Number of protein chains: 2
Amino acid sequence: MAEPSSAALNQLRDKIDQADKELLEVLRRRLDLVAEVGTIKHAEGLPIYAPKREANMLAKRRAEAESMGISPQLIEDLLRRMMRESYVSEKDVGFKRINPELGSVVVIGGGGKLGGLFVHLFQLSGYDVHIIEQHDWDNAPALLADAGIVVVSVPIDVTEQVIAQLPPLPKECLLVDLTSIKQAPLAAMLKAHSGPVLGLHPMFGPDVSSLAKQVVVVCHGRGQEKYQWLLDQITIWGARLHEAAATEHDQAMQLVQAMRHFTAFVYGMHLKREHADIEQLLQFSSPIYRLELAMVGRLFAQDASLYADIIFSQPDSLVRARHYLDRYQQALELLESGDKQGFNKTFADVADWFGDFAQQFQHESANMLMMANDSRSN
Amino acid sequence: MAEPSSAALNQLRDKIDQADKELLEVLRRRLDLVAEVGTIKHAEGLPIYAPKREANMLAKRRAEAESMGISPQLIEDLLRRMMRESYVSEKDVGFKRINPELGSVVVIGGGGKLGGLFVHLFQLSGYDVHIIEQHDWDNAPALLADAGIVVVSVPIDVTEQVIAQLPPLPKECLLVDLTSIKQAPLAAMLKAHSGPVLGLHPMFGPDVSSLAKQVVVVCHGRGQEKYQWLLDQITIWGARLHEAAATEHDQAMQLVQAMRHFTAFVYGMHLKREHADIEQLLQFSSPIYRLELAMVGRLFAQDASLYADIIFSQPDSLVRARHYLDRYQQALELLESGDKQGFNKTFADVADWFGDFAQQFQHESANMLMMANDSRSN
């Protein structure tokens, strides 16, 4: 019995190979077509990410798939993955230069990862870009003398100091920072420079393959009409702008960024001191725990001072970190006294507070976990 | 200038539509071919997940893609997503029944989510399945009298009690539990029944669309030769078995499962009491923070008692939860005393301890975050 069916299996697998060959051909053709779209967008200065066009296209494909008995979610997931590839290659074509009149772009800290990403994007858009690093501060006055924009991208703990040390900038020069806190740097820039000032926080790591769909928080400083071109330029790079007051931004960062970094840091310490065996934990791990472990572990692949700075830079973070400790103690007391009823009551209160978001988050994360499971081998 | 290029854009988009139509056709054909493979596998009793065949196929496709100038990672990601779809539909075909001689399957708690999933899988494999719920315990002796296997799938906190209350089972009947801790239930089963006994922990939620690639932890009890069929059956369902000692399993669960649930619970409390504005946090969130928020929020979409039981059921969890508190306090002291050097030193120690895993986790999570970003709309 085994032989004929294994012949049948082989025959089917040959046909699957053939289908995949056709798939690759269609894929190649589609990538080329999208690249042509990219060239036109480049010439016209259109953003590489067009949310409406994408939503329309996906809705059409979902309907077509459904009429063919194919899961709409399947085609949507496949197309979204293909679109990522297209954003990356569109990026390589370059971008339209929105402000042809601008003097030179000077990125202070342009040798760093995030600064370097912006250097690259400005260059891809045809600007004349210069970098100032710590060791060549002596050249700063000469480089800054005809700057059209100065971007400050240095570690948080020296941002204000670097801004205060700037030589006088040309009156019309735009001064921008990319720090992950916004109140203090913005105040320092407004004090140091009388021309246009803008605070930005790119909400992504420097390792993104393109800016498509990434968020950049915009905290207005002074003279918006003088820097609108930069916001347009960033939109062309594919990012989504989110305007916010600096205080509002900083509070949100304390709750999410600083606290998540800090608790992940403590969790890493905890695993080490409990002599956890990571290899073994991974053997046991379901996609969700593997992902949780990865989110903790990834912190330690990065630069300690980056995190130290984010956590140490805001005194309010400490207050919140202490609040968290109080809550941990309260929750632990419920556990230690075996107060299951109290635990359930607190749980219900928090669930109430999350409201519909709890369901939404479960749905979103379920999707992510399926993708994490897709990636498993052996 | 705008008109001709927008005509050119429309023309390109028509061609993309055409390519997508061909894509859907190839996809339909591929899904059908894989369904035929599923039918043969069903008849032959072959597992739906074949790691080696998959790895070979992916390696071939990657090479073909590369020769066509297509990113190998792109085709791998697309095929992995398609394979998920195939696993789900293969599941609907049903599975070969590995043990045709077996008496009836009785699932205690088969009306629950996880129990229900196993009821469904046994039924898809042609077994005669009965369910016992709390309210029909009176029928238990009659149902259990000719049981070939009894699966206990009840909340952790009553598992041992339910096992102790079982009427005498047929001598050759297999007794299995699905609890997420293993030492105590296994001991209780060995005490209650003199026949074959097996502890399983399915490392996934009841909402998985198929068992393909999911892990089931196997803690041997008594009489492996009598339950090898069940392990084979589970492999056919697509899962990967991981054998472990019950103590080793329980320790790993304390470090990962219980502690992650507990710290997520505390984080939810914290967000509520800090009066966080979730809507606003999401506006600011990069994929990584959105994912972190989702991982916390999803907890509260679920059943409080499920988590309470997991946390309360193991006294050792409390010891570890207290250790974590100590570490949190130590880390907070570094912050409060402004001891950046101490922070960096601890960070470096933990990074050392993670070793190569830190890099691996960064890589893995970067992939996940790109997928999270792909899913964004507007």
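Every heavy atom of this structure was used, including side-chain atoms; hydrogens, water molecules and symmetry mates were not. Note that the structure is predicted; figures quoted are calculated from it, not measured. Below, chain A is the first sequence line, B the second, and so on; all start at residue 1.
Both the backbone and the side chain of E248(A) come within contact range of chain B, each with at least one heavy atom under 4.5 Å from a heavy atom of that chain. Both the backbone and the side chain of H323(B) come within contact range of chain A, judged by heavy atoms closer than 4.5 Å. Proximity to chain A is limited to the side chain of Q280(B), based on heavy atoms less than 4.5 angstrom apart. When heavy atoms are compared at a cutoff of 4.5 Å, M370(A) approaches chain B by way of both its backbone and its side chain. For V217(A), the part sitting under 4.5 Å from any heavy atom of chain B is the side chain, from C-beta outward, and nothing else. Neither the backbone nor the side chain of E76(A) comes within less than 4.5 Å of any heavy atom of chain B. Both the backbone and the side chain of L271(B) have a heavy atom closer than 4.5 Å to some heavy atom of chain A. D17(A) touches chain B through backbone and side chain together, each having a heavy atom under 4.5 Å away. For L282(B), the part sitting under 4.5 Å from any heavy atom of chain A is the side chain, from C-beta outward, and nothing else. Contact annotation for F265(A): only side-chain heavy atoms (C-beta onward) come within less than 4.5 Å of a heavy atom of chain B. If you measure heavy-atom distances from Q359(B) to chain A, the contacts under 4.5 Å come from both the backbone and the side chain. Residue contact with chain B, scored on non-hydrogen atoms closer than 4.5 Å, is absent for L58(A). For R273(A), the parts lying near chain B are the backbone and the side chain together; criterion is any non-hydrogen pair under 4.5 Å. Proximity to chain B is limited to the side chain of M253(A), based on heavy atoms less than 4.5 angstrom apart. Only the side chain of F357(A) comes within less than 4.5 Å of a heavy atom in chain B; its backbone stays farther off. Looking at L23(B), the atoms closer than 4.5 Å to chain A (heavy atoms on both sides) sit in the backbone and in the side chain alike. Within the 4.5 angstrom heavy-atom criterion, atoms from both the backbone and the side chain of Q283(A) approach chain B. Heavy-atom distances place no part of H363(A) under 4.5 Å from chain B, backbone and side chain included. Using a 4.5 Å cut-off between heavy atoms, S317(A) does not touch chain B at all. For a residue to count as touching a neighbouring chain, one of its non-hydrogen atoms must lie under 4.5 Å from one of that chain's; by this rule R29(A) touches chain B with the side chain only.
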* Steps toward salt bridge (charged side-chain N to carboxylate O under 4.0 Å, His left out) verdict (K60(A), D20(B)) -> CA-CA 10 Å; K60(A) 256 170 72 181; D20(B) 284 353; over 6 Å; no
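Here the side chains of L369(B) and F204(A) are not in contact, with every heavy-atom distance at 4.5 Å or above. With contacts defined as side-chain heavy-atom distances shorter than 4.5 Å, the pair R13(B)/R53(A) qualifies. The side-chain heavy atoms of R260(A) and V296(B), taken from C-beta on, include a pair separated by under 4.5 Å. Between L12(A) and I40(B) there is a side-chain heavy-atom pair separated by less than 4.5 Å. Within the 4.5 Å cutoff, the side chain of R322(B) has heavy atoms near those of the E336(A) side chain.
Note on H270(B), M203(B), H201(B), M269(B): by heavy-atom pairs under 4.5 Å with chain A, the leading option is H270(B). With chain A as the partner, the residue from A331(B), A348(B), A65(B), S71(B) showing the most heavy-atom pairs under 4.5 Å is A331(B).
Between F347(B) and Y307(A), the ring-plane angle classifies as parallel under the 30° and 60° cut-offs. The aromatic rings of Y267(B) and Y324(A) sit tilted, their planes meeting at an angle between 30° and 60°.
Ion pairing between a basic and an acidic side chain is recognised when a charged N comes within 4.0 Å of a carboxylate O; K15(A) and E36(B) show no such pairing.
We find the CG-CD1 distance between L33(A) and I16(B) to be 5.5 Å, quoted to the nearest 0.5 Å. Note that the OG1 atom of T263(B) and the CD atom of E292(A) stand 7.5 Å from one another [nearest 0.5 Å].
A372(A) meets the side-chain contact (heavy atoms from CB on, under 4.5 Å) test with P287(A), M368(B); sequence neighbours excluded.
The main-chain N or O of D374(B) is found under 3.5 Å from a side-chain atom of R80(A) such that the two form a donor-acceptor pair. In this structure a side-chain-to-backbone donor-acceptor pair under 3.5 Å is missing from R30(B) to A19(A).
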